[in-house]
Amino acid sequence: MNLYQKVYTYFIPQQYNHQTDDYDIKIKEIQEKYKLIINFSWVTSLFSLFYIGIAYIIAFFESLLIMPIAAIVFFLLPFLLKTPLPKRIIINLYITCTWIAACFLSYYSGGINSGVFPWLVLLPIIAKLLSTHIDTIIWLTIACISTIFFGFLGTLPADFDPKWQLIFVTNDYLGLIIIVWWLITIFDNAKFNAKQQLKREYRYITNINQKLHEKQQEILTQNEELHQQQEEIMSQRDFIEKKNEELSKVNRKMKANEEVLRKYLGTLEAQKKEILEQKSALEARDRQISSSINAALTIQQALLPDSEKINSFLNDYFIIYQPKDIVSGDFYWINQNQNITQKILVIADCTGHGVPGAFMTLIASVLLDKIINVWRIDDPAKIFQYLHTELKSILKQEKTNNNNGLDAVVIAWRETEGSVQLEFAGAKNDLYYNEPTQNKIQKLKGTRRSIGGFQNESILFETQKITLPKDTMLYIGSDGLADQNNFRRKKLGEITIIETLEKIKSHPLSEQKETLLNLLQTHMQGTAQRDDILWIGLRL
């Protein structure tokens with residue numbers, strides 16, 4: 001049995017797919033109609049595929065919307081023969097699809113003048129060949145109504161290039177002629193061949209049955225393979241379910257982690273809020289402290305001699321006063337003994353800096369007022385000794401064991417004709433001076449002990465007396481200037497300060513001050529100030 005016969009055998013229903021002993025003409029006629037259905041469907045499907053190519057070439061894109069669908073539908077129609085669906089319905093489905101495609105293409109390719117329009121003639125012809133007399137009348141009526149519709153509609157403009165019009169119309173009419181000729185030929189040959197093949201097909205019945213049996217075996221084999229594939233699919237399904245379960249566990253774990261993270265973020269938010277509240281409290285406290293320190297600065301500045309008072313005691317001078325913080329532990333005190341024309345200048349470096357140092361300056365300044373202005377003590381060494389005793393008493397250092405105190409310099413001088421009588425005492429601080437006729441800076445060393453706190457009481461403060469010519473330069477100050485370090489942690493040092501003073505000793509005092517400030521800024525560049533700085537220069 002050739003392939004042609006196998007195809008028919010496959011699609012023709014089993015009740016008609018056999019030959020009776022008496023060569024039943026009716027059965028044979030039914031078989032021929034089934035063959036025509038198959039031939040019509042697949043030839044139309046092939047022509048639809050060919051038509052898709054022509055439509056693409058001539059840019060008839062509306063055709064590309066329906067012809068692929070028509071090709072698929074016509075190809076699948078024979079498969080409906082394998083279903084319980086009646087033959088008449090399948091035939092009418094075929095005619096309906098043909099009518100839809102012809103109307104659609106006629107509408108978009110020129111209406112009644114379209115090359116596709118004459119295909120409507122096939123509707124009653126196919127119904128006559130394959131279906132009943134009633135279906136033939138129905139489809140004849142539908143074809144007429146469609147013709148009248150397109151007649152009233154008129155000629156529609158084609159959407160494709162006019163230069164393809166001739167090719168398009170020629171192709172459709174040629175196809176129509178071929179299909180009509182082919183259908184009539186098939187129909188006539190079918191009648192003739194039906195009678196001729198009755199005897200031949202009977203002899204093939206047994207062979208066909210054998211082939212059907214083989215086909216059945218093949219189907220059983222395929223069923224077995226499908227069963228194995230189904231088992232494999234089940235196994236894969238179990239594997240996928242297992243993986244899904246694992247993913248579910250991971251998902252639950254991620255949700256748990258997300259909950260932990262959410263709680264952690266909540267804790268962080270609470271901590272952040274607490275930190276912001278603490279920051280706000282600290283800022284408020286800082287503002288309060290700053291306000292208090294600024295108030296302390298105002299008090300400290302009030303205790304320091306103002307410029308008017310200094311100018312009344314000193315002729316030519318400069319003062320470098322740079323607290324490390326807002327308030328300072330360094331201070332200077334100046335006054336004149338009312339009984340004699342003796343001027344007294346004190347510079348002091350109290351323990352600590354900032355607020356603690358500032359408190360010490362207040363105490364020490366008040367005590368100096370008491371010792372010098374009230375008790376009339378004018379000897380520098382005695383001033384230190386009284387200040388030491390009073391400071392230990394006020395701070396109750398014997399009981400509290402605190403060791404706060406101060407380093408200081410006291411100079412007292414009176415002017416005579418052509419010279420100045422100067423008395424000096426130092427508590428861990430020295431006096432530097434330069435006479436007009438000398439090139440070098442001279443130094444009077446102070447006593448190596450501090451004021452206040454626990455000191456070696458056997459070391460007594462000493463007053464040194466010296467007569468100096470007028471215009472002699474005096475320099476006194478705290479250790480903050482010499483002890484200032486640079487970024488290599490090297491101190492500015494006494495030697496550098498003295499060398500600088502020797503170069504500028506004859507310059508105006510304002511220039512000397514500017515030079516010392518520039519020296520300090522250059523040295524401490526890149527570092528912070530480490531201590532309070534107080535340095536005074538005056539010309540006698």
Side-chain angles (χ1 to χ4, degrees), residues 2-4 6-8 10-11 33-81 90-130 139 142-143 146-147 150 155-190:
N2 55 30
L3 180 61
Y4 190 76
K6 288 182 178 179
V7 171
Y8 291 146
Y10 178 78
F11 286 103
K33 286 191 176 184
Y34 275 111
K35 291 179 181 179
L36 285 175
I37 293 173
I38 296 169
N39 289 331
F40 284 169
S41 297
W42 284 355
V43 169
T44 309
S45 178
L46 289 173
F47 183 78
S48 298
L49 292 174
F50 173 77
Y51 197 89
I52 291 171
I54 295 298
Y56 180 80
I57 293 173
I58 66 177
F60 185 23
F61 296 115
E62 286 82 2
S63 176
L64 297 178
L65 297 175
I66 191 164
M67 293 313 291
I69 300 173
I72 294 172
V73 171
F74 288 133
F75 178 79
L76 295 177
L77 271 175
F79 288 90
L80 294 178
L81 298 174
I90 298 172
I91 293 170
N92 281 283
L93 281 175
Y94 171 82
I95 300 173
T96 300
C97 293
T98 305
W99 174 70
I100 292 172
C103 289
F104 183 91
L105 296 176
S106 296
Y107 182 86
Y108 284 102
S109 61
I112 198 167
N113 293 325
S114 169
V116 182
F117 181 76
W119 283 68
L120 293 175
V121 178
L122 288 175
L123 303 180
I125 294 175
I126 296 172
K128 178 63 177 176
L129 292 175
L130 300 179
W139 283 109
I142 292 174
S146 301
T147 302
F150 280 101
T155 302
L156 296 175
D159 290 335
F160 48 83
D161 193 336
K163 70 181 181 179
W164 296 104
Q165 181 73 26
L166 180 60
I167 298 174
F168 177 73
V169 173
T170 303
N171 171 72
D172 284 305
Y173 276 87
L174 181 60
L176 177 61
I177 294 170
I178 293 172
I179 291 296
V180 171
W181 172 82
W182 184 80
L183 289 175
I184 294 173
T185 302
I186 289 295
F187 182 75
D188 291 338
N189 290 337

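Side-chain atoms are counted along with the backbone in the values below, which use heavy atoms only and exclude waters and symmetry mates.
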- Query: Has the side chain of S45 got a donor or acceptor atom that lies under 3.5 Å from a matching backbone atom of S41?
  - Reply: no
- Query: Counting only heavy atoms not in Y56, do more than 12 fall under 6.0 Å of its OH?
  - Reply: no
List, one per line, each side-chain donor-acceptor pair under 3.5 Å for residues 90-98, sequence neighbours excluded.
unit_1, atom_1, unit_2, atom_2, d
N92, OD1, W139, NE1, 2.9
N92, ND2, R88, O, 2.7
N92, ND2, D135, OD2, 3.2
Y94, OH, F40, O, 3.3
Y94, OH, T44, OG1, 2.6
T96, OG1, N92, O, 2.6
T98, OG1, Y94, O, 2.9

- Is I37 close to L130 at the side-chain level, that is, under 4.5 Å between some pair of heavy atoms? yes
- Message: One pair to check against side chain to side chain contact (heavy atoms under 4.5 Å, CB included): S48 and I52. What are the steps and the verdict?
- Response: CA-CA 6 Å; S48 298; I52 291 171; 5.5 Å; no
- Query: Got a second to check how far C103's SG is from L123's CG, nearest 0.5 Å?
  - Reply: 7.5 Å
- Note on the structure: Contacts of I38 meeting side chain to side chain contact (heavy atoms under 4.5 Å, CB included) (sequence neighbours excluded), chain-then-number -> Y8, F11, W42, P78, L81
- In chain order, what residues pass the side chain to side chain contact (heavy atoms under 4.5 Å, CB included) check against I72, with sequence neighbours excluded? L76
- Message: The criterion is side chain to side chain contact (heavy atoms under 4.5 Å, CB included); which residues satisfy it with A101, sequence neighbours excluded?
- Response: none
- From the options F47, F50, Y51, select the one residue that forms a side-chain contact (heavy atoms from CB on, under 4.5 Å) with M67. Y51
